[in-house]
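Indexing begins at 1, ligand by ligand and atom by atom, following the structure's order.
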Amino acid sequence: MSERLEDIAAAMVANGKGLLAADESSGTIKKRFDVIGVESTADSRRDYREMMFRASDAMTKYISGVILYDETIHQKAADGTPLVDIIKASGALPGIKVDAGAKPLAGFPGDTITEGLDGLRERLADYYKLGARFAKWRAVIDIDVAKGVPSATSIGSNAHALARYAALCQEAGIVPIVEPEVLMDGAHDIDTCYEISKATLTKLYTELYAARVVLEGTILKPNMVLAGKKSGKVSSPDEVAEKTIKLFRETVPAAIGGIAFLSGGQTDEQATANLNAINAIGPHPWKLTFSYGRALQAAPQKAWSGKPANVAAAQAAFAHRAHMNHLAALGQWQPTLEQAA
Ligand code: 13P
């Protein structure tokens, strides 16, 4: 396959395919395993991810790429095959999370800044050799309006870091996924999410331009525009679609390689229904697909529960969610397809 950045980016969002975000840090995957009663060890993490990557129905038809964590990109399957080779054999691209996490922003209580730029040039060169053709960096923007969160300083510092990361990725022949996640955890309404997301994306594209990042060789991984979880309101798919597309038309250049949403704590079916509603009101200037972690993995995790006897059922649960999100990426999903499963 072509090594040009714009071709890699186009492949990541092609034909109703989307990304599997399997890049949970060891701390996060432990939390997920605690829920299903599985001890988190290097082997159990390997067994779980091998189960997903060997789900050939899901991987070959619906998944364009997999975002890996540092441990996983170095791991081998139980039979000695590198996990990266299993992903490549399915036709999907291996990718890698390269940020070092969101840390408190000094002087701005409640805000965070994502770290990980030091030594990034060298790490990217190593990841390229291991097969990674795209990377991910997640900035985290929380909303607590009464406390002045987020500050303009937080939005600006995170956008600047994303731009420095993106430029280094492109230098290394790697497509950067730029992820400025406005969290849905707060008590805010949908219009507040829209306003904060607008400030965040406006700053992001100003910084990417200043850093001479080639937009065609980037993928945006945004949140949808939604009411916060603690508001007690669930925004309807029609409202989410209308406000999310309005936001993007105002802030996101048509030139970028594509858009792949995070799920961010939506239920599995909300994440699918909202993506579908967004695509159903197209055509749009960009491809809009999924890059889901929780909304693709919650069902297979539960079905697997750490037992080898459950591997086939877990792979079927993954294939179902991947199929539903594939249809949503094409604007062809229907709620009745969920009941038929
Ligand atoms: P969720 O879909 O669970 O939000 O995870 C996607 C992701 O990669 C967040 O960085």
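At the top of the distance list for atom 2 (O) of ligand 1, counting protein heavy atoms only, stands Ser263 OG, 2.5 Å. Looking at atom 9 (C) of ligand 1, its nearest protein heavy atom turns out to be Glu179 OE2, 3.2 Å. Protein heavy atom in closest approach to atom 5 (O) of ligand 1: Gly293 N, 3.6 Å.
Across every non-hydrogen atom of Asp142 and Gly110, the tightest pair is CB-O, 4.3 Å. Smallest separation of non-hydrogen atoms from Leu117 and Arg164: CD1-NH1, 3.6 Å. Between Gly257 and Ala9, the shortest heavy-atom distance links the atoms CA-CB, 4.2 Å.
The Arg294 neighbourhood of ligand 1 comprises atoms 1 (P), 2 (O), 3 (O), 4 (O), with distances under 4.0 Å to a heavy atom of that residue. Of all the atoms in ligand 1, the ones that sit under 4.0 Å from a non-hydrogen atom of Lys136 are 7 (C), 8 (O), 9 (C), 10 (O). The distance from ligand 1 to the heavy atoms of Ser291 drops below 4.0 Å at these ligand atoms: 6 (C). Atoms of ligand 1 found under 4.0 Å from any heavy atom of Gly264, numbered from 1 in the order shown, are 1 (P), 2 (O), 4 (O). Listed by number with element, the atoms of ligand 1 under 4.0 angstrom from any heavy atom of Tyr292 are 2 (O).
To the nearest 0.5 Å, atoms NZ (Lys243) and OG (Ser235) are separated by 8.0 Å.
Ligand 1 does not have Gly265 within reach: every non-hydrogen atom of the residue lies 4.0 Å or more from it.
Below 30°, between 30° and 60°, or above 60°: for Tyr62 and His326 the angle between ring planes is between 30° and 60°, a tilted geometry. Using a 30° and 60° split on the angle between ring planes, Tyr48 and Trp304 fall in the tilted class, from 30° to 60°.
A donor-acceptor distance shorter than 3.5 angstrom exists from the side chain of Asp99 to the backbone of Arg138, with no hydrogens or angles considered.
Comparing heavy-atom distances from atom 7 (C) of ligand 1 across Met184, Lys221, Gln297 singles out Lys221 as nearest.
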